[in-house]
Protein chains: 2
Amino acid sequence: MSQRLRVRKGETLLRPGDSFRTLFAIRSGFFKQVHSMANGREQVTGFQMAGDTLGLDGIGSGQHSSSVVALEDAEVCAMPFVQMEALAREMPPMQKHIHHLLGREMAHERSVMLLLGSMSAEERVSAFLLNLLQRLQQRGLSASELVLRMSRADIGSYLGLKLETVSRTFSKLAAEGLLEVDKRHVRVVDNEALQRTGRGLAAA
Amino acid sequence: MSQRLRVRKGETLLRPGDSFRTLFAIRSGFFKQVHSMANGREQVTGFQMAGDTLGLDGIGSGQHSSSVVALEDAEVCAMPFVQMEALAREMPPMQKHIHHLLGREMAHERSVMLLLGSMSAEERVSAFLLNLLQRLQQRGLSASELVLRMSRADIGSYLGLKLETVSRTFSKLAAEGLLEVDKRHVRVVDNEALQRTGRGLAAA
DNA sequence: CGCCGCTTTGAGGAGGTTCAAACACAGTGG
DNA sequence: CCACTGTGTTTGAACCTCCTCAAAGCGGCG
């Protein structure tokens with residue numbers, strides 16, 4: 001039922017306007033999701049890694065509304081949505097699964113809304129790191145060390161900050177002894193303090 | 001299958017932690033949806049009116065994550081979700097309908113993310129008004145005049161601004177000749193200019 | 001009338017942005 | 001091998017938007 005697909009770093013898997021036909025389960029790699037506004041401005045709305053699902057936007061309209069770009073070489077599984085719907089009609093667990101996926105997506109968007117609506121730059125960056133670390137830990141990786149796959153500009157766009165502010169905030173958190181930062185390599189030194197700062201963002 | 005329910009102004013229809021069992025279709029009235037963060041801060045995440053659906057959050061976790069409060073006397077239809085799921089298995093149109101509802105909810109949250117992430121106060125307030133007006137128009141009401149059901153504080157919370165900023169922005173838009181504002185009564189004078197300012201937020 | 005909730009307006013201050021310059025690093029071609 | 005270029009990051013200084021604190025106005029209701 002599902003077909004593997006390779007996506008190279010920098011390539012675009014989905015574009016706004018593409019008709020909604022398949023979901024993609026990420027087997028490996030790292031993606032960013034970018035939305036464009038009517039006035040031309042762009043904004044990163046999410047980062048997806050192995051185990052996450054791509055393409056859920058557009059389930060309502062039948063058209064994708066965002067572009068999805070690989071930030072490193074990746075492999076995905078294409079799952080035709082009509083087949084998933086058909087399965088859902090016969091197997092309630094599949095129906096539950098789809099609803100669960102949609103629920104998670106909505107929960108993520110909600111948590112970003114809260115972050116953008118009421119957190120300071122320092123809180124946003126902390127919450128962002130904690131969220132990434134938690135998701136990496138769920139996948140069996142370190143909970144205190146990570147390599148950022150995205151640029152400062154991408155992080156800033158996602159967090160509603162300018163790239164300079166993101167950079168300054170990393171420096172500040174490092175100066176305060178919460179992190180060690182070297183370009184895209186980040187190590188958490190004081191996890192508790194980081195939690196204290198960035199608490200508020202929910203899971204995946 | 002569905003049961004009517006009256007909710008008086010100020011009453012809470014759903015609370016965070018309530019188990020997810022039923023969706024509510026609004027027959028009349030006006031609601032706000034409020035989310036709380038781990039750190040105690042609160043934020044309005046949406047306003048719902050007649051024809052909108054309440055309770056879609058919690059479809060993933062089985063628990064509601066927000067409270068829903070009536071901003072005026074209202075009447076809603078309770079629809080047990082297990083029955084909707086059962087129907088969806090037998091009738092593809094019902095399945096489509098559920099997916100459509102979820103898609104709309106996600107689209108709304110996305111549009112608010114974009115608003116919060118990259119628009120100025122003036123743009124946010126304009127986009128907010130345009131969105132409300134559009135939804136009122138879809139319901140057969142005036143596209144140029146409305147009575148706000150929510151306070152400046154609620155608007156501010158929703159738009160990621162302080163209530164004073166919302167008030168000032170209304171005054172500014174009025175001074176520029178785009179609006180006439182008298183407390184909660186708003187009339188659009190220059191719709192084009194308002195569109196020019198607030199474009200970027202998508203539908204419902 | 002007098003209180004209370006909501007709104008408006010002002011003045012001052014803080015957090016983020018903007019503009020600019022310098023640095024690090026990888027890839028390229030001479 | 002090394003200058004050369006391009007992209008991404010860091011840091012500084014000045015500015016601007018929005019926030020904070022404060023006071024006053026409006027309107028409804030007991």
Side-chain angles (χ1 to χ4, degrees), chain A residues 8-10 30 32 41-44 47 69 71-73 115-129 146-176 179-187 197-198, chain B residues 9-10 30 32 41-44 69 71-73 115-129 146-176 179-187 197-198:
Chain A
R8 239 169 277 281
K9 178 172 173 173
F30 202 93
K32 72 172 171 182
R41 274 175 277 192
E42 288 199 340
Q43 190 170 332
V44 174
F47 298 104
V69 182
L71 293 177
E72 59 178 14
D73 289 359
L115 178 144
L116 292 173
S118 58
M119 290 173 81
S120 70
E122 201 171 342
E123 292 170 333
R124 292 183 199 196
V125 172
S126 303
F128 169 71
L129 287 176
L146 79 165
V147 176
L148 299 170
R149 260 64 202 225
M150 70 298 281
S151 70
R152 298 290 189 263
D154 284 337
I155 300 175
S157 173
Y158 179 61
L159 297 178
L161 302 169
K162 294 296 159 189
L163 69 96
E164 295 97 326
T165 306
V166 174
S167 176
R168 271 184 248 274
T169 306
F170 275 128
S171 301
K172 190 180 175 200
L173 290 173
E176 288 169 350
L179 303 177
E180 282 171 13
V181 181
D182 180 40
K183 307 283 165 214
R184 298 200 174 183
H185 190 99
V186 177
R187 208 168 68 77
T197 310
Chain B
K9 179 173 174 174
F30 203 92
K32 71 172 171 182
R41 273 174 279 190
E42 288 199 338
Q43 190 171 331
V44 174
V69 182
L71 292 177
E72 60 178 12
D73 290 358
L115 178 143
L116 292 173
S118 59
M119 291 173 81
S120 70
E122 201 171 341
E123 292 169 334
R124 292 183 200 196
V125 171
S126 303
F128 169 71
L129 287 176
L146 80 165
V147 175
L148 299 170
R149 259 62 200 228
M150 70 298 282
S151 71
R152 299 290 190 263
D154 285 335
I155 299 175
S157 174
Y158 179 61
L159 298 178
L161 302 168
K162 293 299 159 186
L163 68 96
E164 295 96 326
T165 305
V166 175
S167 176
R168 270 185 249 273
T169 306
F170 275 128
S171 300
K172 190 180 175 199
L173 290 173
E176 288 169 350
L179 302 177
E180 282 171 12
V181 181
D182 179 39
K183 306 289 165 208
R184 298 200 175 182
H185 190 100
V186 177
R187 208 167 71 77
T197 312

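So you know, we letter chains A, B, ... as the sequences are listed, proteins then strands, and number each from 1. Side chains included, hydrogens not; waters and symmetry mates left out as well; all remaining heavy atoms used.
Residues passing the side-chain hydrogen bond (donor to acceptor under 3.5 Å, both in side chains) test with B:S171, sequence neighbours excluded: none. Not counting sequence neighbours, the partners of A:K172 by the salt bridge (charged side-chain N to carboxylate O under 4.0 Å, His left out) test are A:E122. Considering only residues two or more places apart in sequence or on other chains, A:R187 meets the side-chain hydrogen bond (donor to acceptor under 3.5 Å, both in side chains) condition with A:E180. Taking B:S118 as the reference, A:Q43 meet the side-chain hydrogen bond (donor to acceptor under 3.5 Å, both in side chains) condition, with sequence neighbours excluded. By the salt bridge (charged side-chain N to carboxylate O under 4.0 Å, His left out) test, A:E72 pairs with A:R149, sequence neighbours left out. Listed by chain and number, the residues in a side-chain hydrogen bond (donor to acceptor under 3.5 Å, both in side chains) with B:T165 amount to none (sequence neighbours excluded).
Between the CG atom in A:D154 and the CG atom in A:L148 there is a gap of 10.5 Å [rounded to 0.5 Å].
Taking every nucleotide of DNA chain D with any atom under 4.0 Å from a non-hydrogen atom of chain A, the first and last of them, 5' to 3', are D:dG8 to D:dA13.
If you take NZ of B:K162 and C1' of C:dG13, they are 15 Å apart, rounded to a whole angstrom. Between the CE atom of B:M119 and the C1' atom of C:dG16 there is a distance of 19 Å, rounded to whole Å.
Looking at heavy-atom distances under 4.0 Å, A:G160 makes contact with sugar-phosphate atoms alone, never a base.
Applying the salt bridge (Lys or Arg N to Asp or Glu O under 4.0 Å) test to residues at least two apart or on different chains, none of the pairs has a partner in residues 156-168 of chain B.
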Name the pairs: protein N/O against N/O of nucleotides 5-9 of chain C, kept only if under 3.5 Å.
unit_1	atom_1	unit_2	atom_2	d
C:dT7	OP1	B:R152	N	3.4
C:dT7	OP1	B:R184	NE	3.2
C:dT7	OP2	B:R152	N	2.9
C:dT8	OP1	B:R152	NH2	3.1
C:dT8	OP2	B:R152	NE	2.8
C:dT8	OP2	B:R152	NH2	3.4
C:dT8	OP2	B:S167	OG	2.8
C:dT8	O5'	B:S167	OG	3.2
C:dT9	OP2	B:S171	OG	2.5

